[in-house]
Each structure stands twice: as C-alpha cells, then as structure tokens.
Amino acid sequence: MLWISRLLLLLSLTFGHLGAHAQAQVQAQARYDHTRIYQVELASAEHVQLFQALELASDSCSFMGHARVPGQKLTIMVTSHKVADFDDLLQSYNVSHRILNHDFQALIDANYREVAPEGTPPDQFNWRRYFQLDSIYAWLEHLAKQRPEVVTLVDLGASTQGLPIKGVRIAFGGGNLTSVFVESGIHAREWIAPATATYFIDQLLNSKDAAVQALARSQNWLIFPTVNPDGYRYTFKGDRMWRKNRSLFGICRGVDLNRNFPFHWNVTGASGDPCRYDYSGPSAGSEVETQRLVQFLKDHVQSERIKTFISLHSYSQLIMFPYGHTPERVENYEDLKEIGQLAAQRIKEKSGRIYRSGSIYETIYPSSGGSKDWIHGLLQVPITFSYELRGPPDSEDLFILSAVEIEPTASEAFAALQTIVEEAAKRGYYQSEAAATDQTPSRSSNSNSI
C-alpha cells in the first residue's frame, strides 16, 4: 500500500502546483469603487501651482490633462481613501468645483456588461456592443475573405507583447487614387475609437447611400482600428482606464504612444516618468508599435499617395489639426481651419452635437510626439485631423461611453469625414502631380506636394 500513498502524494503535489500556477495566471482587475471624478476650476496662479504640485506628489489623483493656466477647468479622478483629503484641499484653498461622479466603478461595471462575448461570430459584429481585440480581428479577416476584390488584410507586425497590429486596405479600383489613412485606438481606454473605425469600414463597404458609395470609390482607404493592441486587450482583462502600451520599465509599465513619435519629441505636454500616464518613452520612436506605424507610413506614403491622415480619440468633441508642440501655424492653417469648422458644422446639422475645431495647441493643450504632427511635419501629408469623439469636455463618464452612444458617435464622425474629404478635394489636395502643375495653385498649394 506504500506505493499507493506515494502515488497519491505525487498527484497531489503535481496538480496542486498546476492549480497554483493556473491561479497565478488569472488576471487581477483594477477596481474604482467609490472613486470620485471632480472638475475643478483654477481661478489663480496659486491654484495652478497647487494642482501642479498635487499631480507630482500624489499617486491617488489621476489628472485628465495638466494644470497650466488660470481659468482652466481640470478633471481629476480621486481614489476613495483620498476623497476626504482632496475635499479638504478644495475647501482650504477655496477651489470652485463640482463632483461629476461619486462611484466610478458602477459606470465601469455597466460598460463591461455591454461587451460582446469572446468568440462572437463575425457575422454578428455590430455597433450596439463593444468588441474585444480578437473579435475585431476576426471581423476584419472575415471581410477580407468575403470581399477579396475590395478588402485586403494588412498586418503591420507584432506589438510589444507579440500581438498583431491588423487593419484593412479598401480599394474599389480606379487609377492613381489618393489614400486616406485612419489610425485608431492608440490610447487603449478610448473604446469608442476602435468602434468608430470599424463603423467607417462598414459604411465604406456596405452603405446604400450614393454619396457614401461615391466617397468610398474616390479614395483608397487604410484603416487600423487598434494600433495599441496590448493596451486595448488589457482594458478588458486588467484596467478599464489603461491608456499606454504595455512596455515594462522597472516598477511601471507603458509608454503613451501618442507622445513617442520622432518629431519634436518630449518638448512639451509629455512626461519623462514611466509611471505617468503621458510618459513619452526612453527615446523618440522607442516603441515597437510606433516603429511599425512609422515604417509602414514611410514605405507607403508615396506608393499609396496618402494625402489624408485621420486619428480617432475620445473624449471632448473636438476636430483638431497640427501642431501640438507649438503655437506656430502650419503652412495650410487656413484651409485646415475652414475644413475643420465645416466638419464640425456637419456634425451639428446631423446630430446637434457641438464640436470645436482648431489646432491641437490652441484647442486642447500643448503636446509633443504625436502621430499627427509627425506625419504632417515630416511626411508632409497635408490633410491631417485628430478627432476627440463624444462626450463633451465636462463629461461625467470620461472615456466610459455607453454602447448606446456608439452608432450616433460613429455616424456623426463619418459625416465629418465625408466633409473633410469633399472639402480637401475642392481645394485641390487630391489632384495628381501632373494635373496640379497645370492649374493655378490655391493659397495652400505649397503643402500639397510630397
């Protein structure tokens, strides 16, 4: 009977170890129970200095932007155990404020309930639920198989953690067309961005509207719903509010990929601290995901005649153009300003939502190392816009947009895209080089050549 006892002991040790290992592999999830969202108004230089010091000192207060100037409104997430201290600070320094949300976890829980199950078949893909990375990729692959004459699956290569960065090329045929490049999901927590990118794909392929069909055939389209796949996956498995990629730097993870591009890198609106949400990375273009995008765009900007670049983000309801690192105006500032304002007006007419337009520096806050500035400044792609989608600047939901908002948000964004492409065409940005030399240049034609 001794051998039976030894066998049972061995089995116990073996399966006990496997069980412990499996348990260790279960992803812990961040919780935001009783976390509050405050909007504070900085009435003076003293207030600005106060909140600058607080952001540097506290890991319990997450800032949505940085304290910069008097008159600024700033949104801050405060964990439950710091609510009393934070409230005391507001009272002590007479800071005007309001509480946007008293229990952020309740909002997150509701949002997770709006996620389609893993393994949802591609033919059930829709814009009434949010979809995880594998489901988005399965849908893209399904489209490429169903419409091989129009849709080509494009893989930029592996991410930091080995996930593919997949998108599609949509081309209905036609000679010497220019291309629109849509980058989405660079900030992981902004779920509405990938959902909007997939809506764009669906409209271009399946709309019955004659104007949309004409738009689809007037350009070739390169659309990448999730250029930060590691971060996006982590928002479902680990932390709904995760923003960066998943590179490891000692005790902290992640680079803000939209601060990592090699153009005026880390000069403003970015952090050198790996633990901060806007960490720009150890060097310009250090991140695998950045390198994949940079290489692809360098390799294809001429052959695909990429003249339009769109980046999808949330939230604040803005349509912005370069630059973010400086108040200096781009050479075709007036055209971009007019086109952006017309796109915002198109949204207002369609849904009643108010979007503002202007340069990144003027409209939201100074930032550097962004994809939009890089592609406009170095690759000279003239029509470059970045959306901040719903909700409004004082949103109580921040990045946790309910699934009922997906289709209205994506629909108005697509209408604005139509306007951008139509207005750019009117101004001669999509002419062939030969045709452009035969016509009188517009006031912005110096930005038109690549």
Side-chain angles (χ1 to χ4, degrees), residues 32 35-101 104 187 189 239 241-244 249-260 264-282 313 315-316 318 320 323-328 358-370 373 388 392-396 398-399:
Y32 293 85
T35 292
R36 289 188 180 184
I37 310 300
Y38 288 81
Q39 186 181 74
V40 301
E41 186 165 351
L42 311 183
S44 65
E46 180 189 29
H47 284 173
V48 173
Q49 293 169 2
L50 176 72
F51 284 95
Q52 287 174 342
L54 179 64
E55 184 177 12
L56 289 173
S58 177
D59 63 355
S60 300
C61 298
S62 299
F63 283 60
M64 310 297 154
H66 303 291
R68 294 182 293 106
V69 293
Q72 178 187 357
K73 291 182 178 180
L74 190 61
T75 300
I76 304 170
M77 174 185 291
V78 183
T79 57
S80 59
H81 74 283
K82 281 293 180 182
V83 163
D85 288 346
F86 188 79
D87 196 63
D88 178 63
L89 189 77
L90 298 178
Q91 304 304 325
S92 298
Y93 289 91
N94 196 27
V95 179
S96 178
H97 67 280
R98 66 190 186 102
I99 301 173
L100 301 179
N101 190 293
F104 201 60
H187 288 151
R189 62 192 177 188
D239 184 352
M241 288 295 286
W242 189 258
R243 168 184 170 100
K244 304 183 286 181
F249 300 95
I251 63 169
C252 295
R253 277 194 186 270
V255 168
D256 182 342
L257 297 173
N258 207 39
R259 302 291 185 272
N260 189 239
H264 295 276
W265 174 79
N266 204 34
V267 299
T268 186
S271 174
D273 181 352
C275 298
R276 296 293 173 184
Y277 74 90
D278 56 355
Y279 176 48
S280 59
H313 292 260
Y315 61 100
S316 282
L318 304 170
M320 302 178 293
Y323 288 120
H325 70 278
T326 176
E328 178 185 340
S359 78
I360 299 166
Y361 192 97
E362 296 168 342
T363 308
I364 188 165
Y365 46 65
S367 64
S368 57
D373 285 5
E388 294 286 349
D394 59 350
S395 170
E396 298 178 3
L398 307 188
F399 307 98

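Only heavy atoms go into these numbers, but all of them, side chains included; no hydrogens, no water, no symmetry mates.
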For the NE2 atom of His81 and the OG1 atom of Thr79, what is their distance to the nearest 0.5 Å?
4.0 Å
Are the side chain of Glu55 and the backbone of Phe51 linked by a donor-acceptor contact shorter than 3.5 Å?
no
Using the side chain to side chain contact (heavy atoms under 4.5 Å, CB included) rule, take Tyr38 and Leu90 through it: C-alpha gap first, then chi angles, then the decisive distance, then the call.
CA-CA 10 Å; Tyr38 288 81; Leu90 298 178; 3.8 Å; yes
Please round to the nearest 0.5 Å and tell me the distance separating atom OH of Tyr32 and atom CE of Met77.
6.0 Å
Intermediate values then yes/no, side chain to side chain contact (heavy atoms under 4.5 Å, CB included), Ile360 and Tyr323:
CA-CA 6 Å; Ile360 299 166; Tyr323 288 120; over 6 Å; no
Note, Glu41 side chain near Arg98 side chain (heavy atom, < 4.5 Å):
no
Is a salt bridge present between Arg243 and Asp256, judged by a nitrogen-to-oxygen distance below 4.0 Å?
yes
Side-chain heavy atoms of Phe104 within contact of Leu398, under 4.5 Å
yes
Please report the shortest heavy-atom distance between Gly269 and Arg259, naming the atom on each side.
O-NE, 2.9 Å
Should Asp278 and His66 be marked as a side-chain hydrogen bond (donor to acceptor under 3.5 Å, both in side chains) after you check the CA-CA gap, both sets of side-chain angles, and the distance that decides it?
CA-CA 10 Å; Asp278 56 355; His66 303 291; 2.5 Å; yes
For Pro274 and Cys252, the nearest pair of non-hydrogen atoms, with its separation, is O-CB, 3.7 Å
Please verify the inter-ring angle class for His264 with His325; under 30° counts as parallel, over 60° as perpendicular, anything in between as tilted.
parallel
What distance do Ser60 atom OG and Ile76 atom CD1 have between them, rounded to the nearest 0.5 Å?
12.5 Å
Trace of the side chain to side chain contact (heavy atoms under 4.5 Å, CB included) decision for Leu54 with Leu89
CA-CA 10 Å; Leu54 179 64; Leu89 189 77; 4.0 Å; yes
If you define the side chain from C-beta out and look only at heavy atoms, does anything of Ser96 sit under 4.5 Å from Val40?
no
Please examine the side chains of Phe399 and Met64, heavy atoms only from C-beta on, and report whether any two atoms are closer than 4.5 Å.
yes
Distance alone, cut at 3.5 Å: any donor-acceptor contact between the side chains of His97 and Gln39?
no
Locate the shortest heavy-atom distance separating Gly324 from Tyr361; write the atom from each residue and the value.
O-CD1, 3.3 Å
Does the side chain of Arg253 reach to within under 4.5 Å of the side chain of Trp242, using non-hydrogen atoms?
yes
In short, Val69 meets Val48 closest at the heavy-atom pair C-CG2, 3.5 Å
When you compare the side chain of Phe249 with that of Pro282, does any pair of heavy atoms fall below 4.5 Å?
yes
Could you tell me whether a side-chain N or O of Ser368 sits under 3.5 Å from a main-chain N or O of Val267, the two making a donor and an acceptor?
yes
Checking side chain to side chain donor-acceptor pair (under 3.5 Å) against Ser280, which of Asp273, Asn260, Asn266 comes through?
Asn266
I need the Ile99 CD1 to Phe86 CZ distance, nearest 0.5 Å.
9.5 Å
Do Asp88 and Tyr93 get their side chains close enough for a donor-acceptor pair, meaning under 3.5 Å?
no
Output for pair (His313 NE2, Ile364 CD1), nearest 0.5 Å, gives 9.5 Å
Distance in Å, Glu388 CD paired with Thr363 OG1, rounded so as to fall on 0.5 Å steps
10.5 Å
Pro366 and Thr268 have their tightest heavy-atom pair at CB-OG1, 3.7 Å
Just by distance, do the side chain of Tyr277 and the backbone of Gly65 share a donor-acceptor pair under 3.5 Å?
yes
Backbone N/O of Leu56 and side chain of Arg276: donor-acceptor pair under 3.5 Å:
yes
Side chains of Val78 and Asp85, heavy atoms from C-beta outward: is any pair under 4.5 Å?
no
Whether the side chain of Lys244 engages the backbone of Gly254 through a donor-acceptor N/O pair (distance < 3.5 Å, no angle test) should be reported.
yes
Can you confirm whether Thr75 sits close enough to Ile37 that some side-chain heavy atom of one is under 4.5 Å from a side-chain heavy atom of the other?
yes
